[in-house]
Amino acid sequence: MPKITIDDRELEFKDGQTILQAALDAGIDIPYFCWHPKLSVAGNCRICLVEVEKMPKLAISCSTKAGDGMVVHTKSEKALDARRAVMEFILINHPLDCPICDEAGECKLQDYAYHHSVGESRFTETKNKKRKRDLLGPRVMFDAERCISCSRCIRFVDEIAGKKELTFAKRGDGVTIVTYPGRQMDNPYSMNTIDICPVGALTSVDFRFKARVWDMASTKTVCAGCARGCNVEMWTRSNEIMRLTPRDNEDVNGPWMCDEGRLSTFNHVNASNRIDGPMIRRDGELRKIGWAEAFADAASELKAFSRDEIGFVASGGATMEDNYLLGKFAAETLNAGSIALPSRVEAGWGDDILRRDDRAPNATGAKVALSKFDNVVEFDELMAGVKDGRIKALYVLGEDVVALKPELKDAFAKLTYVVAHAVNENETTAIADLAFPNSS
């Protein structure tokens, strides 16, 4: 392999790599704003300038190809002076509002100002004022004063989202980001621009001013919005989910996730209508009872029905273990009932980026778990039994079957006994005789 020397370290690099990529692979820190591994090279922030021997001037490491035998200095006085000058230039009109900026604590400009700037500005004139709280689209808000014109957001919507929505306008210190006339940034992946913005210029309309990053705890998890299974970080504060952000996994979603996955997959967890204990219907209303009483009621009621009178509804939103236990409960404990898995396929919702038409996060896993049992039927077949009265009792795991089949609402109301496991109150728990809390 070809070799390059960076700060007196001889390193091997791959053909086609830039100086910045070779350095980062070796754990050598070179600051950068505009460069992103998934976007085209812009080379417009200039913070990554390095000194290359035998080159007449400093080189932009993000766009300069590494060469065999090349000798690079990232900490020479010449490179450090240029870096400090770039930082001073970037900060000339930048507002000093770190204490109220949502990006504080995870801001590259804040970090680099500490590590690479001189700590003071020679600029004594009035800072250039630009527009604030500007909605670029329904989910992203723009603060033009904080923008450093790195163009990451523009390149993202062009190259990854495949939409022509953003561009630069004006020149010099008046340059700013705008949407094209008559358009807004409303593509299904627009909120990724918030993640890749190295400063606090782009913020989430949903998350603004809700929490500081140091006040939250992050947990590695998986998005439940569709069958893609995007790897994400779940950020919580005081036992409440505040936001979801993508977690880089090249085999699944890379560094991206869709807006719907960010916004609509956790609101039910924070909702006030959570079912937090067993509930039984008495005098037409669900009322809380103890676990022992709930188990006894379910056992006595379900045993009163014949094998063909009980239907079980599995869920692509539940774990393989839960679906397997449902099948085992039906086949072995009760020796009764048919099990069906409803489909959550929403034709046209998916795309060729990340989203999948199957909105169930674990339909494939549920099918594998249920394949161990011989009483699995199609969902429509089970619903036909509900419609014609053959099914008299229904045991539902995590699905809102009444909402899935609104045309059968009258048939559901005629069921003798309904048990529903649910995270929140829904149309199925509204007709349930017994409700158990489901894990979210």
Side-chain angles (χ1 to χ4, degrees), residues 20 23-24 27-37 39 42 44-50 61-62 74-75 79-124 127-134 136 140-156 173 175-177 191-205 207-218 233 235 237 242-243 245-248 255:
L20 178 62
L24 293 177
I28 297 173
D29 178 49
I30 298 177
Y32 59 88
F33 285 119
C34 65
W35 182 80
H36 190 280
L39 304 176
N44 57 357
C45 76
R46 293 304 200 264
I47 195 68
C48 68
L49 285 167
V50 295
S61 62
C62 70
T74 71
K75 295 182 175 65
L80 292 177
D81 280 346
R83 200 168 293 160
R84 285 191 288 264
V86 170
M87 280 301 304
E88 187 177 15
F89 176 75
I90 289 175
L91 290 170
I92 280 177
N93 287 305
H94 196 85
L96 301 177
D97 64 351
C98 294
I100 62 165
C101 178
D102 262 358
E103 193 75 3
E106 48 188 2
C107 174
K108 291 177 81 72
L109 183 62
Q110 197 175 44
D111 294 340
Y112 290 169
Y114 177 79
H115 290 290
H116 303 293
S117 97
V118 295
E120 60 182 332
S121 175
R122 292 172 292 174
F123 186 78
T124 58
K127 289 180 180 286
N128 187 19
K129 301 296 183 183
K130 296 181 181 178
R131 67 192 195 279
K132 304 178 79 69
R133 297 178 297 280
D134 183 19
L136 294 181
V140 180
M141 189 166 284
F142 179 52
D143 187 325
E145 288 184 351
R146 296 174 183 165
C147 179
I148 62 170
S149 301
C150 71
S151 78
R152 278 185 172 191
C153 54
I154 296 174
R155 284 175 283 147
F156 173 83
D173 65 358
V175 69
T176 187
I177 290 169
M191 295 180 73
N192 287 287
T193 59
I194 298 166
D195 300 323
I196 63 175
C197 179
V199 294
L202 298 177
T203 53
S204 165
V205 172
F207 179 68
R208 277 170 64 88
F209 308 129
K210 282 188 177 179
R212 291 304 204 179
V213 64
W214 54 81
D215 289 330
M216 297 185 290
S218 65
E233 294 271 1
W235 298 81
R237 179 186 182 188
M242 307 304 293
R243 67 173 182 177
T245 56
R247 177 164 53 95
D248 198 353

*asked:* Let's go through I92 and D173 carefully: what are the C-alpha distance in whole Å and the side-chain angles of both, what is the deciding distance for side-chain contact (heavy atoms from CB on, under 4.5 Å) to 0.1 Å, and is it a yes or a no?
replied: CA-CA 10 Å; I92 280 177; D173 65 358; over 6 Å; no
With no hydrogens and no angle check, is any side-chain donor or acceptor of [X] less than 3.5 Å from a backbone partner on [Y]?
X	Y	value
K75	L80	no
E145	K129	no
E103	A201	no

Separation of [Y] [atom2] from [X] [atom1] (nearest 0.5 Å):
X	Y	atom1	atom2	value
L91	F123	CG	CZ	12.0 Å
D102	T203	CG	OG1	6.0 Å
S218	R247	OG	CZ	10.0 Å
M141	I194	CE	CD1	10.5 Å
C101	F209	SG	CZ	8.5 Å
T74	R83	OG1	CZ	6.0 Å

4.5 Å side-chain heavy-atom contact, [X] and [Y]:
X	Y	result
I47	M87	yes
N192	P246	yes
R152	P198	yes
L136	T193	no
I177	C147	yes

With [X], which residues qualify under salt bridge (Lys or Arg N to Asp or Glu O under 4.0 Å), at least two apart?
X	value
D111	none
D143	K132, R146
R84	E77, D81
R243	E106

Can you see which heavy atom on [X] is nearest to which on [Y], and at what distance?
X	Y	answer
K130	V175	NZ-O, 2.6 Å
S149	N44	O-ND2, 3.3 Å
A42	C150	CB-O, 4.5 Å
I90	C45	CD1-O, 4.3 Å
V213	A104	CG1-O, 3.6 Å

Please report, to 0.1 Å, the donor-acceptor pairs under 3.5 Å made by any side chain of residues 28-35, with sequence neighbours excluded.
none

Side chain to side chain donor-acceptor pair (under 3.5 Å) partners of [X], counting only residues at least two apart:
X	value
R122	E88
S117	none
N93	none
R212	none

*How about R133: does its CZ atom have over 12 heavy atoms from other parts shown lying under 6.0 Å from it?*
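Incorrect, the count does not exceed 12.
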*Who passes side chain to side chain contact (heavy atoms under 4.5 Å, CB included) against A82, sequence neighbours left out?*
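With neighbours one apart ignored, the set is L49, L58.
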*asked:* Going by side chain to side chain contact (heavy atoms under 4.5 Å, CB included), name the residues that satisfy it together with A211, two or more places apart in sequence or in a different chain.
replied: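 For A211, the residues satisfying side chain to side chain contact (heavy atoms under 4.5 Å, CB included) (neighbours in sequence not counted) are F207, M216, R237, M242.
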*Sequence neighbours left out, what passes ring-ring contact (aromatic ring centres under 6.0 Å, His included) with H115? Give chain and number order.*
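Once residues adjacent in sequence are excluded, H115 has no partner under the ring-ring contact (aromatic ring centres under 6.0 Å, His included) criterion.
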